[in-house]
Amino acid sequence: MSNRLVETLAGGAVICVAVAFAVFSYSRAGLRSVEGGYELSASFNRIDGLATGNDVRISGVKVGSVVSQELDPKTYMAVVHMKIRSDVELPTDSAAKIASDGLLGGKFVSLEPGGDVDMLAPGGAVEYTQGSVNLEELIGQVIYSNKSSGGGNGAEPAPTAPAGN
């Protein structure tokens, strides 16, 4: 009987520690959505791996989140709608690109402020964009370009001296 009581108490303690760790992790991870703020949009040629709720960052600092994404039926571009904190103003010549949190990390929108004196209005669009890089295509290009360059090792044959010297 006392063994079961000890095991039950130990199990309860483990569950309490796990819940406390989950609450702490969630509060420190910055997963909360942006309260208030204003909406901006940007059109990209591809947004592979970007999802609703992903971060919008300036210089690595979270300043917003992705609200929605859709396909423009006229241009076939992916339109990303973002909510930006109200205390962050962006010049009209700012740029947006889809970046990655490392090789296997998630995607986020990286905003790079421009130098214009005029600011983007709420509901405005970021004009200068760069879509995500397709890692599989990039690796394939590297592999196939090495195979097609000859011997596969990238080394060129040494020149031979002319006969008769």
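What's counted below: heavy atoms across the whole structure, side chains too, no hydrogens, waters or symmetry copies. Every value quoted in this text rests on a predicted model; they were computed, and no experiment measured them. We number each residue from 1, following the sequence as shown.
The shortest distance between side-chain heavy atoms of Leu111 and Ile84 falls below 4.5 Å. Within the 4.5 Å cutoff, the side chain of Leu90 has heavy atoms near those of the Pro113 side chain.
Atom-to-atom distance recorded for Asp48:CG and Ser132:OG is 4.0 Å, nearest 0.5 angstrom. Atom-to-atom distance recorded for Thr92:OG1 and Tyr128:OH is 8.0 Å, nearest 0.5 angstrom. The CE atom of Met82 sits 5.5 Å away from the CG atom of Leu40 when rounded to the nearest 0.5 Å.
Residues that satisfy the side chain to side chain donor-acceptor pair (under 3.5 Å) test with Ser59, not counting sequence neighbours, are absent from this structure. Applying the salt bridge (charged side-chain N to carboxylate O under 4.0 Å, His left out) test to Asp87 and every residue at least two apart in sequence or in another chain returns Arg85. Annotation: side-chain contact (heavy atoms from CB on, under 4.5 Å) contacts of Thr8 (sequence neighbours excluded): none. With sequence neighbours excluded, the residues forming a side-chain contact (heavy atoms from CB on, under 4.5 Å) with Leu9 are Leu5, listed by chain and number. Taking Glu70 as the reference, Val79, His81 meet the side-chain contact (heavy atoms from CB on, under 4.5 Å) condition, with sequence neighbours excluded.
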With a 3.5 Å cut-off and sequence neighbours excluded, list the donor-acceptor pairs that the side chains of residues 93-105 form with protein atoms.
unit_1, atom_1, unit_2, atom_2, d
Asp93, OD1, Gly115, N, 3.1
Asp93, OD1, Asp116, N, 3.1
Asp93, OD2, Gly115, N, 3.2
Ser94, OG, Pro91, O, 2.7
Ser94, OG, Gly114, N, 3.2
Ser100, OG, Gly102, O, 2.6
Asp101, OD1, Arg57, NH1, 3.0
Asp101, OD2, Arg57, NH2, 3.2

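A side chain to side chain contact (heavy atoms under 4.5 Å, CB included) with Val109 holds for exactly one of Val63, Asn54, Leu50; it is Leu50.
Among all heavy-atom pairs drawn from Ala42 and Thr129, the shortest one is CB-CG2, 3.9 Å.
Judged purely by atom type and a 3.5 angstrom limit, Tyr38 has no side-chain atom pairing as donor or acceptor with the backbone of Gly124.
If you chain together hydrophobic residues whose side chains sit under 4.5 Å apart, Val66 and Val88 fall into the same group. Cluster annotation: Val80 is connected to Ile58 through the hydrophobic network of ILVMFWY side chains, with a link wherever side-chain heavy atoms come within less than 4.5 Å.
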